[in-house]
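Read through the structure below, which is laid out as C-alpha coordinates, and then see the notes.
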Amino acid sequence: MEPLRPATPAEIDQLVNIYEQLLPESVQFVSLLQNIVRIKAALQGTALEQASHRFRKTIYVPNKTNPIKFATFLAIGMDKDIFVMVNTLEQSPSELEDAIRKTSYIKWHLNPLFVVGGDNGIRESLYKVANERGLLNDIKMISDCKNYWMHREKAATLSYSVPDDVELKPLLVEHAKVIDDLWPHKYNESLRYYESVIQHNGGLGLFNKNDGQLVACVIKNDHDGIGHLYTLSEYNNRGYGTTLAKAMAKMIAAEHKQHVHAFIHPANNRSIKLFEKVGFVPVNQTQWFVIGQKQ
(Lines give C-alpha, C1' and ligand atoms only; values in the text may rest on other atoms or scores of the structure.)
Protein backbone atom coordinates (compact mmCIF):
# COMPACT_ATOMS: atom_id res chain seq x y z
CA MET A 1 0.00 0.00 0.00
CA GLU A 2 1.28 3.47 -0.92
CA PRO A 3 2.32 5.15 2.38
CA LEU A 4 1.96 8.71 1.07
CA ARG A 5 -0.68 10.92 -0.50
CA PRO A 6 -0.73 14.53 -1.67
CA ALA A 7 -1.40 16.91 1.21
CA THR A 8 -4.61 18.90 1.23
CA PRO A 9 -4.47 22.73 1.42
CA ALA A 10 -5.58 22.55 5.06
CA GLU A 11 -2.80 20.07 5.88
CA ILE A 12 -0.20 22.28 4.22
CA ASP A 13 -1.45 25.20 6.32
CA GLN A 14 -1.03 23.01 9.39
CA LEU A 15 2.54 22.16 8.40
CA VAL A 16 3.40 25.82 7.86
CA ASN A 17 1.92 26.74 11.24
CA ILE A 18 3.84 23.96 13.02
CA TYR A 19 7.17 24.89 11.46
CA GLU A 20 6.58 28.61 12.05
CA GLN A 21 6.50 27.85 15.78
CA LEU A 22 10.05 26.47 15.47
CA LEU A 23 11.66 29.48 13.77
CA PRO A 24 14.41 30.31 13.08
CA GLU A 25 15.74 26.73 12.84
CA SER A 26 12.83 25.71 10.60
CA VAL A 27 12.99 28.68 8.22
CA GLN A 28 13.97 26.54 5.20
CA PHE A 29 10.88 24.34 5.66
CA VAL A 30 8.49 27.26 6.11
CA SER A 31 9.86 28.96 3.00
CA LEU A 32 9.80 25.81 0.87
CA LEU A 33 6.20 25.05 1.80
CA GLN A 34 5.20 28.64 1.05
CA ASN A 35 6.91 28.44 -2.33
CA ILE A 36 5.09 25.26 -3.33
CA VAL A 37 1.71 26.67 -2.30
CA ARG A 38 2.28 29.88 -4.25
CA ILE A 39 3.48 28.14 -7.41
CA LYS A 40 0.57 25.68 -7.33
CA ALA A 41 -1.86 28.61 -7.09
CA ALA A 42 -0.18 30.78 -9.72
CA LEU A 43 0.73 28.38 -12.51
CA GLN A 44 -1.92 26.77 -14.66
CA GLY A 45 -2.12 25.21 -18.11
CA THR A 46 0.73 25.95 -20.51
CA ALA A 47 2.67 28.01 -17.94
CA LEU A 48 2.70 25.03 -15.57
CA GLU A 49 3.70 22.58 -18.30
CA GLN A 50 6.65 24.77 -19.34
CA ALA A 51 8.00 25.29 -15.84
CA SER A 52 11.02 23.41 -14.52
CA HIS A 53 10.22 19.99 -13.05
CA ARG A 54 12.25 20.93 -9.96
CA PHE A 55 10.05 23.99 -9.60
CA ARG A 56 6.88 21.87 -9.76
CA LYS A 57 6.99 20.06 -6.43
CA THR A 58 4.14 18.28 -4.66
CA ILE A 59 3.89 18.00 -0.88
CA TYR A 60 3.14 14.47 0.36
CA VAL A 61 2.13 13.41 3.87
CA PRO A 62 1.62 9.97 5.50
CA ASN A 63 -1.46 8.19 4.25
CA LYS A 64 -3.16 7.61 7.58
CA THR A 65 -5.73 9.03 10.00
CA ASN A 66 -3.48 11.63 11.65
CA PRO A 67 -0.94 12.48 8.95
CA ILE A 68 0.41 15.63 10.65
CA LYS A 69 1.23 14.03 14.02
CA PHE A 70 5.00 14.39 13.50
CA ALA A 71 4.83 17.11 10.81
CA THR A 72 6.32 14.57 8.41
CA PHE A 73 6.37 15.65 4.78
CA LEU A 74 8.15 14.94 1.52
CA ALA A 75 8.32 17.62 -1.16
CA ILE A 76 9.05 15.88 -4.47
CA GLY A 77 9.75 17.39 -7.87
CA MET A 78 8.89 15.83 -11.20
CA ASP A 79 10.76 13.27 -13.26
CA LYS A 80 13.08 15.45 -15.36
CA ASP A 81 14.53 17.19 -12.30
CA ILE A 82 13.60 15.07 -9.31
CA PHE A 83 14.24 17.04 -6.15
CA VAL A 84 13.23 15.51 -2.80
CA MET A 85 13.19 17.55 0.43
CA VAL A 86 12.15 15.59 3.51
CA ASN A 87 11.60 16.34 7.15
CA THR A 88 9.89 15.10 10.29
CA LEU A 89 9.76 16.14 13.92
CA GLU A 90 9.66 12.53 15.09
CA GLN A 91 12.74 12.04 17.25
CA SER A 92 13.49 8.66 15.73
CA PRO A 93 12.25 9.15 12.15
CA SER A 94 10.60 5.76 11.62
CA GLU A 95 7.53 7.27 9.92
CA LEU A 96 9.67 9.13 7.39
CA GLU A 97 12.00 6.16 6.88
CA ASP A 98 9.04 3.89 6.15
CA ALA A 99 7.68 6.41 3.66
CA ILE A 100 11.03 6.74 1.84
CA ARG A 101 11.34 2.95 1.73
CA LYS A 102 7.87 2.14 0.37
CA THR A 103 6.66 5.14 -1.64
CA SER A 104 6.35 4.94 -5.41
CA TYR A 105 6.64 8.72 -5.71
CA ILE A 106 10.46 8.69 -5.41
CA LYS A 107 11.90 7.53 -8.74
CA TRP A 108 15.21 6.09 -7.57
CA HIS A 109 16.37 5.22 -11.09
CA LEU A 110 16.19 8.91 -12.05
CA ASN A 111 18.98 9.92 -9.62
CA PRO A 112 16.95 12.00 -7.16
CA LEU A 113 18.53 14.91 -5.33
CA PHE A 114 17.73 14.67 -1.60
CA VAL A 115 17.84 17.71 0.67
CA VAL A 116 18.01 16.83 4.35
CA GLY A 117 17.92 19.14 7.37
CA GLY A 118 17.69 18.58 11.10
CA ASP A 119 19.61 16.37 13.51
CA ASN A 120 17.17 13.56 14.25
CA GLY A 121 18.61 10.72 12.21
CA ILE A 122 17.03 11.51 8.83
CA ARG A 123 20.35 11.16 7.02
CA GLU A 124 20.92 7.74 8.62
CA SER A 125 17.43 6.66 7.53
CA LEU A 126 18.18 7.71 3.97
CA TYR A 127 21.43 5.76 4.03
CA LYS A 128 19.62 2.71 5.41
CA VAL A 129 16.99 2.70 2.66
CA ALA A 130 19.62 3.31 -0.03
CA ASN A 131 21.63 0.38 1.31
CA GLU A 132 18.56 -1.87 1.15
CA ARG A 133 18.18 -0.91 -2.51
CA GLY A 134 21.85 -1.54 -3.25
CA LEU A 135 22.44 2.18 -3.79
CA LEU A 136 24.54 3.10 -0.76
CA ASN A 137 27.72 3.38 -2.84
CA ASP A 138 25.87 5.67 -5.25
CA ILE A 139 25.11 8.35 -2.62
CA LYS A 140 27.20 11.46 -3.11
CA MET A 141 26.96 14.40 -0.70
CA ILE A 142 27.41 17.34 -3.03
CA SER A 143 26.97 20.07 -0.44
CA ASP A 144 26.79 20.62 3.30
CA CYS A 145 25.35 24.10 3.57
CA LYS A 146 24.95 26.53 6.44
CA ASN A 147 21.50 28.09 6.68
CA TYR A 148 21.35 31.80 7.48
CA TRP A 149 18.24 33.77 8.29
CA MET A 150 16.88 37.24 9.01
CA HIS A 151 13.48 38.07 10.51
CA ARG A 152 11.20 39.76 7.99
CA GLU A 153 10.72 42.85 10.17
CA LYS A 154 14.46 43.46 10.25
CA ALA A 155 14.92 42.68 6.56
CA ALA A 156 12.12 45.06 5.59
CA THR A 157 14.06 47.97 7.12
CA LEU A 158 17.32 47.30 5.26
CA SER A 159 18.68 50.22 3.29
CA TYR A 160 21.14 50.10 0.43
CA SER A 161 22.66 52.34 -2.20
CA VAL A 162 23.34 51.40 -5.82
CA PRO A 163 26.89 52.24 -6.97
CA ASP A 164 27.00 55.04 -9.55
CA ASP A 165 28.47 52.90 -12.35
CA VAL A 166 25.65 50.32 -12.41
CA GLU A 167 21.88 50.16 -12.62
CA LEU A 168 19.67 47.87 -10.50
CA LYS A 169 16.98 46.13 -12.55
CA PRO A 170 14.90 42.94 -12.44
CA LEU A 171 16.41 39.97 -14.25
CA LEU A 172 14.78 38.79 -17.46
CA VAL A 173 14.40 35.17 -18.56
CA GLU A 174 17.26 35.54 -21.06
CA HIS A 175 19.64 36.22 -18.15
CA ALA A 176 19.16 32.61 -16.96
CA LYS A 177 21.88 31.53 -19.41
CA VAL A 178 24.42 33.77 -17.66
CA ILE A 179 23.58 32.30 -14.25
CA ASP A 180 23.61 28.74 -15.58
CA ASP A 181 27.05 29.23 -17.12
CA LEU A 182 28.40 30.60 -13.82
CA TRP A 183 27.04 27.75 -11.67
CA PRO A 184 29.63 24.99 -11.00
CA HIS A 185 26.94 22.27 -10.67
CA LYS A 186 25.36 22.85 -14.09
CA TYR A 187 23.37 19.90 -15.48
CA ASN A 188 20.93 19.16 -18.31
CA GLU A 189 17.86 20.75 -16.69
CA SER A 190 19.52 23.59 -14.77
CA LEU A 191 18.92 26.24 -17.45
CA ARG A 192 15.20 25.46 -17.44
CA TYR A 193 15.25 25.72 -13.65
CA TYR A 194 16.81 29.21 -13.72
CA GLU A 195 14.39 30.34 -16.40
CA SER A 196 11.46 29.26 -14.22
CA VAL A 197 12.90 30.88 -11.10
CA ILE A 198 13.41 34.23 -12.82
CA GLN A 199 9.98 34.11 -14.42
CA HIS A 200 7.97 33.05 -11.38
CA ASN A 201 10.08 33.92 -8.31
CA GLY A 202 12.13 36.85 -9.52
CA GLY A 203 15.73 38.00 -9.59
CA LEU A 204 17.74 41.21 -9.54
CA GLY A 205 20.78 42.29 -11.50
CA LEU A 206 23.30 45.10 -11.60
CA PHE A 207 24.00 46.28 -15.13
CA ASN A 208 26.96 48.32 -16.32
CA LYS A 209 25.68 51.76 -17.31
CA ASN A 210 28.15 52.06 -20.18
CA ASP A 211 27.39 48.87 -22.11
CA GLY A 212 24.36 47.34 -20.39
CA GLN A 213 26.30 44.19 -19.43
CA LEU A 214 25.01 42.14 -16.49
CA VAL A 215 27.85 42.26 -13.94
CA ALA A 216 26.18 40.85 -10.80
CA CYS A 217 22.98 38.94 -10.09
CA VAL A 218 20.86 37.23 -7.47
CA ILE A 219 17.66 35.17 -7.57
CA LYS A 220 14.91 34.09 -5.22
CA ASN A 221 15.34 30.32 -5.50
CA ASP A 222 12.83 27.46 -5.30
CA HIS A 223 13.17 27.51 -1.49
CA ASP A 224 11.98 31.15 -1.53
CA GLY A 225 15.44 32.11 -0.29
CA ILE A 226 18.27 34.25 -1.59
CA GLY A 227 20.31 32.19 -3.99
CA HIS A 228 23.03 32.22 -6.63
CA LEU A 229 24.48 35.60 -5.70
CA TYR A 230 27.28 36.19 -8.23
CA THR A 231 29.54 39.03 -9.25
CA LEU A 232 31.71 38.65 -12.33
CA SER A 233 35.31 38.34 -11.16
CA GLU A 234 36.50 41.53 -12.84
CA TYR A 235 33.87 43.47 -10.87
CA ASN A 236 34.65 42.11 -7.40
CA ASN A 237 35.24 44.34 -4.35
CA ARG A 238 32.91 47.11 -5.49
CA GLY A 239 30.06 46.38 -3.05
CA TYR A 240 27.81 44.85 -5.71
CA GLY A 241 27.14 41.67 -3.74
CA THR A 242 26.14 43.59 -0.62
CA THR A 243 23.79 45.78 -2.65
CA LEU A 244 22.06 42.77 -4.20
CA ALA A 245 21.83 40.80 -0.95
CA LYS A 246 20.15 43.74 0.79
CA ALA A 247 17.87 44.51 -2.15
CA MET A 248 16.67 40.91 -2.47
CA ALA A 249 16.25 40.50 1.30
CA LYS A 250 14.16 43.66 1.45
CA MET A 251 12.03 42.56 -1.51
CA ILE A 252 11.32 39.15 0.05
CA ALA A 253 10.47 40.72 3.41
CA ALA A 254 8.64 43.89 2.41
CA GLU A 255 6.90 42.81 -0.80
CA HIS A 256 6.51 39.05 -0.29
CA LYS A 257 5.95 39.23 3.51
CA GLN A 258 8.34 36.35 4.24
CA HIS A 259 11.29 35.73 6.52
CA VAL A 260 14.55 35.71 4.59
CA HIS A 261 17.10 32.92 4.41
CA ALA A 262 20.05 31.71 2.37
CA PHE A 263 22.13 28.53 2.38
CA ILE A 264 25.88 28.90 1.92
CA HIS A 265 28.67 26.35 1.54
CA PRO A 266 30.89 26.58 4.66
CA ALA A 267 33.98 27.01 2.47
CA ASN A 268 32.50 30.09 0.80
CA ASN A 269 34.06 32.58 3.18
CA ARG A 270 33.35 35.57 0.94
CA SER A 271 29.59 34.93 0.99
CA ILE A 272 29.54 34.09 4.69
CA LYS A 273 31.26 37.37 5.57
CA LEU A 274 28.92 39.29 3.26
CA PHE A 275 25.71 37.84 4.71
CA GLU A 276 26.89 38.19 8.31
CA LYS A 277 27.83 41.81 7.63
CA VAL A 278 24.34 42.44 6.25
CA GLY A 279 22.88 40.98 9.46
CA PHE A 280 22.07 37.35 8.71
CA VAL A 281 22.54 34.81 11.52
CA PRO A 282 23.49 31.11 11.07
CA VAL A 283 20.81 28.75 12.37
CA ASN A 284 21.63 25.19 11.21
CA GLN A 285 22.86 23.11 8.30
CA THR A 286 21.30 21.36 5.32
CA GLN A 287 22.90 18.51 3.39
CA TRP A 288 22.38 17.76 -0.30
CA PHE A 289 22.74 14.20 -1.62
CA VAL A 290 22.54 12.87 -5.16
CA ILE A 291 21.57 9.22 -5.55
CA GLY A 292 23.52 8.27 -8.65
CA GLN A 293 24.96 10.88 -11.02
CA LYS A 294 22.90 13.68 -12.51
CA GLN A 295 23.71 14.36 -16.17
Side-chain angles (χ1 to χ4, degrees), residues 2 4-20 27-63 67-68 71-87 99 103-107 110 112-113 115 152 169-177 179-180 187-205 217-228 248 251-261 294:
E2 171 58 54
L4 296 173
R5 60 172 173 77
T8 67
E11 288 166 343
I12 297 172
D13 287 343
Q14 283 183 273
L15 287 168
V16 172
N17 289 335
I18 289 169
Y19 283 107
E20 281 184 332
V27 62
Q28 72 269 35
F29 306 125
V30 173
S31 298
L32 179 81
L33 292 166
Q34 290 173 336
N35 174 272
I36 295 171
V37 169
R38 189 181 72 255
I39 296 303
K40 289 282 189 184
L43 298 188
Q44 304 292 330
T46 302
L48 180 64
E49 292 174 1
Q50 293 176 347
S52 162
H53 279 202
R54 172 171 165 178
F55 210 68
R56 295 165 59 183
K57 292 184 280 290
T58 298
I59 301 166
Y60 296 94
V61 294
N63 192 7
I68 311 298
T72 300
F73 75 89
L74 292 83
I76 305 176
M78 297 181 66
D79 291 2
K80 288 187 179 180
D81 202 349
I82 185 164
F83 170 107
V84 185
M85 188 171 194
V86 302
N87 201 63
T103 184
S104 61
Y105 293 118
I106 297 175
K107 308 296 177 59
L110 296 178
L113 171 65
V115 182
R152 60 175 169 256
K169 296 190 295 185
L171 293 177
L172 302 177
V173 172
E174 54 259 37
H175 297 129
K177 180 68 166 57
I179 302 174
D180 191 45
Y187 59 98
N188 282 347
E189 293 292 323
S190 55
L191 176 59
R192 188 180 182 191
Y193 164 69
Y194 288 122
E195 290 172 342
S196 294
V197 166
I198 291 172
Q199 187 173 4
H200 303 298
N201 260 15
L204 297 171
C217 57
V218 67
I219 61 171
K220 184 183 182 188
N221 59 33
D222 64 319
H223 297 248
D224 273 3
I226 298 177
H228 304 284
M248 181 57 78
M251 184 180 83
I252 292 171
E255 297 181 24
H256 302 173
K257 310 301 181 186
Q258 292 177 285
H259 299 296
V260 188
H261 73 106
K294 291 184 105 51

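The CG atom of D180 lies 11.5 Å from the OH atom of Y193; values are rounded to the nearest 0.5 Å. The OH atom of Y194 sits 13.0 Å away from the CG atom of N201 when rounded to the nearest 0.5 Å. Within the model, atoms CG of L4 and CD1 of I59 stand 12.5 Å from one another, a figure rounded to the nearest 0.5 Å. Distance check, rounded to the nearest 0.5 Å: CG of L204 to NZ of K169 gives 12.0 Å. Going from atom CD of Q28 over to atom NE2 of H261 covers 7.0 Å, rounded to the nearest 0.5 Å. Taking CE of M85 as the start and CG of D222 as the end, the distance is 9.5 Å to the nearest 0.5 Å.
For P6, the side chain to side chain contact (heavy atoms under 4.5 Å, CB included) partners at least two apart in sequence or on another chain are T58, Y60, Y105. The side-chain hydrogen bond (donor to acceptor under 3.5 Å, both in side chains) check on Q34 picks up Q258, with sequence neighbours excluded.
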- Task: Could you give me the CA-CA distance, side-chain angles and deciding distance for K40 and I36, then say whether side chain to side chain contact (heavy atoms under 4.5 Å, CB included) is met?
- Result: CA-CA 6 Å; K40 289 282 189 184; I36 295 171; 4.2 Å; yes
- Message: Is there a salt bridge (Lys or Arg N to Asp or Glu O under 4.0 Å) between R192 and D81? Walk through the geometry before answering.
- Response: CA-CA 10 Å; R192 188 180 182 191; D81 202 349; over 6 Å; no
- Message: Pair I252, D224 - check side chain to side chain contact (heavy atoms under 4.5 Å, CB included), show working.
- Response: CA-CA 8 Å; I252 292 171; D224 273 3; over 6 Å; no
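Nearest approach of E20 to V30, heavy atoms of both residues: N-CG2, 3.7 Å. Scanning both residues, Q199 and V173, for their nearest heavy atoms gives CB-CG2, 4.1 Å. Across every non-hydrogen atom of R38 and H200, the tightest pair is NH2-O, 4.3 Å. Taking all atoms of both residues into account, the shortest heavy-atom contact from V218 to G227 is CG2-O, 3.5 Å. The heavy-atom pair separating V61 from E11 by the smallest distance is CG2-OE1, 3.8 Å. In plain terms, the two heavy atoms of K107 and I82 that are nearest each other are N-CD1, 3.5 Å.
Looking only at distances, a side-chain donor or acceptor of R56 sits under 3.5 Å from a matching main-chain atom of L48.
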